[in-house]
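Notes follow the structure.
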Amino acid sequence: MPELEIAGLDKSFGGLKAVSGLNLAVEEGELVGLIGPNGAGKTTVFNLVTGLVPATSGEIRFRGRSLRGLAPHRIFRLGIARTFQNIRLFRETTVLDNVLVVLDARSSYGLAAAALRTRRAVAEQERARREARELLDMVGLGSRAGELARSLPYGAQRRLEMARALAGYPHLLLLDEPAAGMNPSEVRDLCGLIRDVKRRFGLTVLLIEHQMGVVMNLCSRVVVMDFGQVIAEGSPSDIQRHSRVLEAYLGKRGSRS
Amino acid sequence: MAGVLEQILNGLQLGFVYALIALGYTMVYGIIRLINFAHGDIFMVGAFVGVLGYTVWGLPFPVAVGVAMLVCAVLGVIIERLAYRPLRYAPRIAALISAIGVSLFLEYFCSLNFVFGPNYRVVPRPFEVTSFSVAGVTASNIMVVVTVVVIALLGALQYLLFRTRTGKAMRAVSQDHDAARLMGINVDSVISTTFAVGSALAAAGGVLYAVAYRQIWPFLGIMPGLKAFTAAVLGGIGIVPGAVLGALIMGQVDVLSAAYVSSQFRDAIGFSILILVLLVRPTGLLGSRQPEKV
């Protein structure tokens, strides 16, 4: 059974078909790159999988379970976490709390237990705090836990988003252009980090990325989208030679003057 | 001089009550960007339930306050569920109109004879009122009760917002609704909690107002509601400390303009402030920039 299975997925916004008859399967443990020109529908796929927007039709299954009609927070708790193309941290909140708020949403003790500071509630809070620290250390932000998220430099904000997503202990991680706006050395660190967390958490990763270096370096398989559909699929080296991919990015030879 | 100080103390008492109402406006706005125009009417319901509690039902005063807070918390949650949640992804004006509808509904429903009735009622005091003077300034134990209750509630709110999971989730939702949903936070329950807390604070304000000013009727909530709304805007809508600051200023403006200008001009002066703030500094005293977009 694939970790993520998308079949006949459609999404229209008014007259615009953002995703149209999309089929895609991601096996457990894969690191799949999702590429395609701007407007191809890649981010819409992420929004559909995470439940942010409802599908017009089609089916999304995660570990064999249909995600139809599930609220985003339920899908997250099933084990699908994501980052955003345009960073969406809780900006006015500390780095630590950005991660803690996610860990807290998972814990089970009630408000009464928290108010009464029962032993279990206190123990869970302690554990969440420790886990948050570990996650921050992993992405190299351990020393900045007390700062406001908005005060972090850009690359660090991207890493914090990753730590926040990992706080859900996902099985499947969706990364939306994690390397956007990074300089080459930051990109190198990021690739190392993605490989590292994938191994450590036993993740399956679906990655949208425009920087081909990142895709070629990380991904075992690449899926190319255009006009809301998969137009090609294969190993990174296959894809680089694929004519429809070149067309999608560069236009048909002779078709544009 | 003692006279001025006494007026300032009166203003402080009124400002504290406004603060309890303004907090609900600002918390709800912070979390779903809605001006909950029914909020003043929740304050009114709180006043009635509290007063009925320690008079007709014979509850001890603190218990009556607690019951009023509980009833209004439930009322706030129901209002959100029925009148605002179905409109959450509709244009914002729709929820605003719905809020005005809820406000009118509460006012006229509570005016029915089998509810609270349309008339003014004089509120008996729940305890003996005593006055004392310190350095020539006279104050009453009512003032002390109001101050103590409000400060205790503000402390509890501060604790809730900054020391608990619930508070963290509230702040996350107010900063980025969608990101919060996508990070496993149950946004619906966080919004319900916000309405519950805001409405409970308004209810406490309602009971204190009734005890201090001794008259209640179903349209009681309109004027304090509008003043508290002004206070929330003055302090910077969506900003919790701003609501308290704005309310304390509005309390002084009300009392001092009634005392030293004319009580007829009191409301005109108060609402001129609303217009001035919106013209000159729409983000309010503590708002340095546009409130964050959801």
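Predicted model, so just to flag it, every value in this text is computed and none were measured. By convention in this document, chain letters (A, B, ...) are assigned in the order of the sequence lines, proteins followed by strands, and residues within each chain are numbered from 1. The figures that follow rest on heavy atoms only: side chains count, while hydrogens, waters and symmetry mates do not.
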Heavy atoms of Phe84(A) and Ala179(B) approach each other most closely as CZ-CA, 4.1 Å

All heavy atoms of Ala105(A) vs all of Gly184(B), minimum pair found to be CB-O, 3.6 Å

Answer key: most heavy-atom pairs under 4.5 Å with chain A among Arg163(B), Lys168(B), Met183(B) is Met183(B)

Contact check, side chains of Arg88(A) and Asp178(B), non-hydrogen atoms, under 4.5 Å: yes

task = Could you tell me whether Arg133(A) atom CZ has more than 12 heavy atoms of other residues or ligands within 6.0 Å of it?
result = no

Quiz prompt | Heavy-atom side-chain contact between Arg171(B) and Asp97(A) under 4.5 Å | solution = yes

Spell out, as yes or no, whether a donor-acceptor pair under 3.5 Å connects the side chain of Glu92(A) to the backbone of Gln175(B).
no

Against chain B, residues from residues 54-77 of chain A with at least one heavy atom under 4.5 Å, in numeric order, are Pro72(A), His73(A), Phe76(A), Arg77(A)

In this structure, CD1 of Ile80(A) is separated from CG of Leu182(B) (nearest 0.5 Å) by 11.0 Å

Counting neighbours of CZ on Arg129(A) that are heavy atoms of other residues, nucleotides or ligands and sit closer than 6.0 Å, is the number greater than 12?
no

- Item | Greater than 12 external heavy atoms within 6.0 Å of Arg281(B)'s CZ | yes

